[in-house]
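Values below: all heavy atoms of this structure, side chains included; hydrogens, waters and symmetry mates excluded.
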Amino acid sequence: MNLTKLFETQAKLDEHIMQEHQELRGQNNLDWKLLALQVELGECANEWRGFKKWSKDREPRISVKNSCDPCEGTGDINWPSSKLHLLDGNSGLEYEECEYCKGIGFDGYKNPLLEEYVDCLHLILSIGLELQVNFDAVYSPTHFIFGNDITKTFTHLIGDASLINSGFKEIEQEYSIYVNHFMHLGELLGFTWEQVEVAYYAKNEVNHERQNAGY
């Protein structure tokens with residue numbers, strides 16, 4: 001994985017966000033980024049589902065139907081307009097097959113677990129930029145204290161996010177250890193780094209589009 005390129009790509013997104021939210025300039029943005037990372041890690045764990053011992057459905061969400069946006073998953077391209085008419089007390093428009101999904105209501109499959117994982121990656125990169133770490137020194141193999149225990153790895157990452165800038169260790173050392181554990185989590189979840197990179201760049205484009213749209 002080319003971390004330097006990822007950091008450069010993330011820096012452009014962070015700057016775009018700053019342009020759209022000027023109040024973020026000149027203030028400490030580390031605390032809310034660390035909290036956001038903990039939240040996203042929780043969402044990633046939720047898509048993994050392995051900790052839900054009370055449920056018989058503990059299969060990770062790695063392939064689910066991607067609802068078609070133009071027809072809102074109905075297969076009827078006129079449904080979004082019909083819905084407004086119905087709210088006004090008028091009759092809706094006649095059914096017309098959605099050209100994007102061919103009337104089936106979805107336009108392929110998505111991997112929610114991978115999507116949540118790269119959301120976490122966005123924040124980890126952004127935190128590294130905030131801390132001004134030496135990117136070339138970040139990734140070096142380390143000992144993974146929890147082995148292949150995914151639950152403990154999630155717990156460790158969520159809890160230790162607040163320790164990245166604690167002062168207990170050198171910032172670059174603390175950050176590098178954290179990145180290593182996060183990368184190990186990706187491997188435990190079954191992702192190759194090629195998959196992660198492709199998904200990261202795809203979501204990065206979406207995040208730029210969201211900023212342009214006033215998200």
Are any of the side-chain heavy atoms of [X] and [Y] separated by less than 4.5 Å?
X: His21; Y: Asn29; value: no
X: Pro60; Y: Leu189; value: no
X: Thr9; Y: Tyr200; value: yes
X: Leu131; Y: Glu172; value: no
X: Gln38; Y: Ser162; value: yes
X: Val118; Y: Tyr201; value: no

Please determine whether the number of non-hydrogen atoms from other residues, nucleotides or ligands lying under 6.0 Å from atom NZ of Lys52 exceeds 12.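 Atom NZ in Lys52 is packed in, count exceeds 12.
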Take atom CD of Glu59 as the centre, draw a 6.0 Å sphere, and report whether it contains more than 12 heavy atoms from other residues, nucleotides or ligands.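 No, CD of Glu59 has 12 or fewer neighbouring heavy atoms, counting only those of other groups under 6.0 Å.
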So which heavy atom on [X] is nearest to which on [Y], and how close?
X: Glu174; Y: Leu163; value: CG-O, 3.5 Å
X: Asp119; Y: Glu40; value: CB-OE1, 3.6 Å
X: Asp31; Y: Asn28; value: OD2-ND2, 3.7 Å
X: Cys68; Y: Cys98; value: SG-SG, 3.8 Å
X: Tyr178; Y: Leu157; value: OH-O, 2.6 Å
X: Leu37; Y: Ala161; value: CD2-CB, 4.2 Å

Are [X] and [Y] grouped together when hydrophobic residues (ILVMFWY) are joined by side-chain heavy atoms under 4.5 angstrom apart?
X: Met18; Y: Leu123; value: no
X: Leu35; Y: Leu30; value: no
X: Tyr100; Y: Val206; value: no
X: Val39; Y: Leu121; value: no
X: Val64; Y: Trp48; value: no

What verdict does the side-chain contact (heavy atoms from CB on, under 4.5 Å) test give for Val196 and Trp193, after you've listed the backbone C-alpha separation in whole Å, the side-chain angles of each residue and the deciding distance to 0.1 Å? CA-CA 5 Å; Val196 172; Trp193 289 117; 3.6 Å; yes
To the nearest 0.5 angstrom, please state how far the [atom1] atom of [X] sits from the [atom2] atom of [Y].
X: Asn207; Y: Gln10; atom1: CG; atom2: CD; value: 8.0 Å
X: Ile158; Y: Cys120; atom1: CD1; atom2: SG; value: 8.5 Å
X: Gln132; Y: Ile171; atom1: CD; atom2: CD1; value: 9.5 Å
X: Asp160; Y: Thr155; atom1: CG; atom2: OG1; value: 10.5 Å
X: Leu114; Y: Ile62; atom1: CG; atom2: CD1; value: 10.0 Å
X: Leu125; Y: Asp14; atom1: CG; atom2: CG; value: 9.0 Å

Go through it in stages, so that I can follow the logic: the residues are His184 and Asn148, the test is side-chain contact (heavy atoms from CB on, under 4.5 Å), and I'd like the CA-CA distance, side-chain angles, deciding distance and then a yes or no. CA-CA 9 Å; His184 183 54; Asn148 296 329; 4.0 Å; yes
Sidechain-backbone polar pair: [X] side chain, [Y] backbone, donor-acceptor under 3.5 Å:
X: Lys53; Y: Gly50; value: yes
X: Asn111; Y: Ser63; value: no
X: Ser55; Y: Arg58; value: no
X: Asn46; Y: Gly42; value: no

Any chance you could lay out the side-chain contact (heavy atoms from CB on, under 4.5 Å) test for Phe191 and Leu185, step after step, and finish with the verdict? CA-CA 9 Å; Phe191 304 138; Leu185 173 65; over 6 Å; no
With sequence neighbours left out, what residues match Glu15 under salt bridge (Lys or Arg N to Asp or Glu O under 4.0 Å)? Arg25
For Glu47 and Tyr117, run side chain to side chain donor-acceptor pair (under 3.5 Å): C-alpha distance rounded to whole Å, both residues' side-chain angles, the deciding distance at 0.1 Å, then the answer. CA-CA 10 Å; Glu47 298 296 351; Tyr117 183 82; over 6 Å; no
Step through it carefully: locate the ring centre of Phe154, locate the ring centre of Phe51, and say whether they are under 6.0 Å apart. no
Among Glu115, Glu116, Arg49, which residue meets the side chain to side chain contact (heavy atoms under 4.5 Å, CB included) test with Arg61?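 Running side chain to side chain contact (heavy atoms under 4.5 Å, CB included) over Glu115, Glu116, Arg49 with Arg61 returns exactly one hit, Arg49.
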Apply side-chain contact (heavy atoms from CB on, under 4.5 Å) to residues Phe182 and Thr153 and explain how you reach the verdict. CA-CA 8 Å; Phe182 179 72; Thr153 301; over 6 Å; no
